[in-house]
Amino acid sequence: MTSTPSIPATATATGSGEPPPAALVGIFVRLKLSLLRNGLRQSSKRKRAFVTALVATLLFALLQLLGLAAMRGHEHAAAVTVLFAGVLALGWVVMPLFFASGDETLDATRLVMLPLRPRPLVAALTAASLVGIGPLFTLCVLLGSVIALAHGPAAWAAAVVAVPLTLLVCVTLARAFAAANIRLLTSRKGRDLALLSGLVIAVGIQFVNFGFQRLSSTDLDLSALEPAAAVVRWVPPASALGAVDSVSDGSYGTALAQLVLSAAALYGLLAWWRTSLDKLMTSPDGSTIAAADPRGGARAPSGAAGSALLHRLFPEGRTAAVVQRSLRYFWRDPKTKAGLVSALAIGLLIPLFNAVQGVNSVYFASFATGMLGFQMYNQFGQDTSAFWMVMQTLSTPRDAYEELRARAFALLLVALPYTVLAVVVVAAVVGDWQSLPSALGLSLAVLGAMLGTGAYASARYPYTIPQDSAYKNVAAGQGALAWMSLLGGAVVSALVCAPLIATTVWLHLTDGHAHLWAVLPAGAAYGLLAGWAGLRLAAPVTVRELPEILAAVSK
């Protein structure tokens, strides 16, 4: 017999079974900590990955704090810190949508059946949202900023208000934006908008990356930041940090106005969030009604022509079936589609942004290939609990090899033409047609290496992709494992391609530009060999780890 958790005695004070606001905050904070702790208990591998990621993030946050604090007394300290806060707020909008991993506070639809009203729920979710690595990193950045800006007791008093106010605006901004768009990826209709959402998020992330690059540049003339900072210092939540600088300059009226702006933004975001929660918890969602033909009959299945074409391209058996299944994931699954489109967008945006900034290297096009190569990682995670059906067909290393090879084929159908297109576009933008063959050869080698390492990582380091939340791509407690898998795979792929990279560099240094064309066939052969070797190594590991894979991907 199982016991039902009892509601605290204080909960009956409302007469409706809902705990009072103060108790609800404590419950949600403990729930957040419990979810994180239980996720880490499932595997010592996850625990090591989480600790490693936590230490790395804390070290980076400490360096940011020290770097900003070192600007104390600098004439352009206010411009840097204010713009940094603006970029940080933009990051809070787009990063949780793209890198959502284990944050249960983002999806409020899981609470709709509980007797909770939106107003106390907002307070509880806000408190739970402050528990995590992201808020800790943001707090370190804000502390470094106020150390650089605050001069005098009055400024430090303003900083005591500005730091928590800025942090709350950042957190609330992320949660309000997520709640307002929660139906986008949870509904069946929303999957058709996944392409657009992926592009918007990808562009937003690239603007965040561009902002951090500009602010971290050693050759940047800080005086050039002043015009932008003069505008951003009036935009919440950066206006709260601008208030600290205004108090230091003796402009108390200006500082009060800037603090009021941030406070008003916080109030508006909380109201927006509360309205979205009320709509989520009371409005019916008819998006799951099966689509029907306008004439009254059932809609005919789509993709018949594409399926026939795939049967002609691939031999009968596992290969054709797996390729079709993978391509249907790309097109029909909202998360898979959004991840693929975001990778396509980011992969091409970053080389183009670098070209705009004056980094005229066609070899940056290999980044586009790398972004698509990451789609090979955690192949079994996208199957979720349905992996047990695939598992029944994997009894020998040969079966596993054919399964992984077919999944790689499906990705290649997208990655190969995209790689060629990306290299040609970047070569045209930077005007370096001579290096195009070698850049394409390196990109093909990177693609093959990432297919091989991705197959191995899929078997050795699988993680869950939750299907019950629109804003979670990794289950609770597995975020660090996912990051370590991706980053480790990128490093190993770079090491695998090191001989070809060294050869290309040597040709440039020794004025052997006339022979750069040879890198193209060499890179294609190298990538083919690296991919084949990775698939061969991953096949026996897949068979050996089948129970662990099933347990990991079906949580």
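We're numbering straight along the sequence, starting at 1.
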Notebook entry, point to check: What closest approach, in Å, do P351 and V426 show between heavy atoms, and which atom pair accounts for it?
Noted result: CB-CG2, 3.7 Å
Next item on the list: Considering non-hydrogen atoms only, spot the tightest contact between L241 and S145 and give its length.
Entry: CD1-CB, 3.9 Å
Next item on the list: Give a yes or no answer on whether the side chain of T81 reaches the backbone of A78 with a donor-acceptor pair at less than 3.5 Å.
Entry: yes
Checklist line | Heavy-atom side-chain proximity of Y461 to N378 below 4.5 angstrom | finding: no
Checklist line | Between OG on residue S493 and CE on residue M376, distance to nearest 0.5 Å | finding: 11.5 Å
Next item on the list: Give, for atom CG of D278 and atom CH2 of W273, the distance between the pair rounded to the nearest 0.5 Å.
Entry: 14.5 Å
Check: If you measure from CZ on F28 to CG on L125, what distance do you get to the nearest 0.5 Å?
Finding: 5.0 Å
Item checked: Set of residues satisfying side-chain contact (heavy atoms from CB on, under 4.5 Å) with respect to I133, sequence neighbours excluded -> F50, L54, T57
Item checked: Pairwise distance CG(L88) to CG(L167) - rounded to 0.5 angstrom -> 9.0 Å
Margin query: If I compare all heavy atoms of M450 with all of Y377, which pair ends up nearest, and what's the gap?
Written below: O-CE1, 3.8 Å
Item checked: Atom CZ of R72 with >12 non-hydrogen neighbours under 6.0 angstrom -> yes
Check: What are the two closest non-hydrogen atoms of M71 and H76, and how far apart are they?
Finding: CE-O, 4.2 Å
Next item on the list: To the nearest 0.5 Å, tell me how far L139 CG sits from L65 CG.
Entry: 8.5 Å
Next item on the list: Determine whether I147 and L68 make a side-chain contact, defined as any pair of heavy atoms from C-beta on separated by less than 4.5 Å.
Entry: no
Check: So, the side chain of K32 versus the backbone of S129: is there a donor-acceptor pair under 3.5 Å, distance only?
Finding: no
Pairs of donor and acceptor atoms involving the side chains of residues 256-271, under 3.5 Å and at least two apart or interchain, shall be tabulated with distances.
from : atom 1 : to   : atom 2 : distance (Å)
Q258 : OE1    : A243 : N      : 3.0
Q258 : OE1    : S246 : OG     : 2.9
Q258 : NE2    : R233 : O      : 3.4
S262 : OG     : S239 : OG     : 2.6
S262 : OG     : A240 : N      : 3.2

Margin query: Just so I know, are the side chains of R175 and T126 near enough to count as touching, which here means a heavy-atom distance under 4.5 Å?
Written below: no
Next item on the list: Please examine the side chains of T138 and W92, heavy atoms only from C-beta on, and report whether any two atoms are closer than 4.5 Å.
Entry: yes
Check: Does any non-hydrogen side-chain atom of W234 lie less than 4.5 Å from one of V82?
Finding: no
Next item on the list: Would you indicate whether the side-chain heavy atoms of W156 and V247 approach each other to under 4.5 Å?
Entry: no
Check: Excluding sequence neighbours, so at least two apart, what forms ring-ring contact (aromatic ring centres under 6.0 Å, His included) with F60?
Finding: F137
Check: Which atoms form the tightest heavy-atom contact between L130 and P135, and what is the distance?
Finding: O-CB, 3.5 Å
Next item on the list: Spell out, as yes or no, whether a donor-acceptor pair under 3.5 Å connects the side chain of Y418 to the backbone of L344.
Entry: yes
Notebook entry, point to check: Under 4.5 Å between any side-chain heavy atoms of L340 and L372, yes or no?
Noted result: yes
Margin query: Can you give me the closest heavy-atom contact between S485 and A457, atom names plus distance?
Written below: OG-CB, 3.6 Å
Check: Does the T369 side chain pair with the main chain of L447, one donor and one acceptor, at a distance under 3.5 Å?
Finding: no
Checklist line | Test side-chain contact (heavy atoms from CB on, under 4.5 Å) applied to L277 and V122, step by step | finding: CA-CA 8 Å; L277 288 177; V122 164; 3.5 Å; yes
Notebook entry, point to check: Is there side-chain contact between V146 and L142, with heavy atoms separated by less than 4.5 Å?
Noted result: no
Margin query: To the closest 0.5 Å, what do you measure between OG1 (T453) and CG (L486)?
Written below: 10.0 Å
